[in-house]
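This report refers to the structure that appears directly beneath it.
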Amino acid sequence: QAPPGLRTRALGAMETDQPLPKNRAGEPEQHTPFEIHQNHEYFQKEYLVAVAEVKLMQKEMRECFYKNGINQFEECKAIREKLWKKIHTPNYGAPGPSRSSSRFM
């Protein structure tokens, strides 16, 4: 359990879109190791939540396709477009630096 002052500073730093930089050797600490760890953990959790949202949207679209049969292109258009937009957003819309696959590089 960290002191309350550190926790509020660490959580306040997570409002940015980028992770906290690591402290350089030989220089005074800009952020405590706890703050850096909390910040990286925050971005990891946000990414996992975004991946779970995509999986739920895929399941919803699959059920819509099964339910509507040959009318799937008309009936499932809103779900399909929402999923397309989410998948083609960096990190599926989660904050933080882009996580990319070497397949697309």
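Heavy atoms only: backbone and side chains are in, while hydrogens, waters and symmetry mates are out. Fair warning: this is a prediction, and the values are worked out from it, not measured in the lab.
Scanning all heavy atoms of the two residues, the minimum distance from I79 to E60 falls at CD1-OE2, 3.7 Å.
Ring pair F73/F65 is perpendicular by interplanar angle, where above 60° counts as perpendicular and below 30° as parallel.
We find the CD-NZ distance between E75 and K67 to be 8.5 Å, quoted to the nearest 0.5 Å. A distance of 12.5 Å separates CZ of R62 from SG of C76, quoted to the nearest 0.5 Å. Once rounded to the nearest 0.5 Å, the distance linking OG1 of T32 with CD of Q38 reads 9.0 Å. In this structure, CH2 in W84 is found 13.0 Å from CE in M57, a value given to the nearest 0.5 Å. Residue M61 holds its CE atom at 13.0 Å from CG of L56, rounded to the nearest 0.5 Å. We find the OH-CG distance between Y92 and L83 to be 10.0 Å, quoted to the nearest 0.5 Å.
Taking the side chain to side chain donor-acceptor pair (under 3.5 Å) definition, one finds that Q58 meets it with nothing, sequence neighbours left out. Applying the salt bridge (charged side-chain N to carboxylate O under 4.0 Å, His left out) rule to K86 yields the partners E53; only residues at least two apart in sequence or on another chain are considered. Listed by chain and number, the residues in a salt bridge (charged side-chain N to carboxylate O under 4.0 Å, His left out) with E41 are K45 (sequence neighbours excluded).
N91 has its side chain out of reach of P95: every pair of non-hydrogen atoms, C-beta onward, lies at least 4.5 Å apart.
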Checking side chain to side chain contact (heavy atoms under 4.5 Å, CB included) for the pair K82/K85: CA distance, chi angles, key distance, verdict?
CA-CA 5 Å; K82 191 167 95 173; K85 184 178 177 186; 5.9 Å; no
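Residue-environment remark: OH (Y47) exceeds the threshold of 12 foreign heavy atoms within 6.0 Å.
Although no hydrogens or angles enter the test, the distance criterion places no donor-acceptor pair under 3.5 Å between the side chain of N39 and the main chain of E35.
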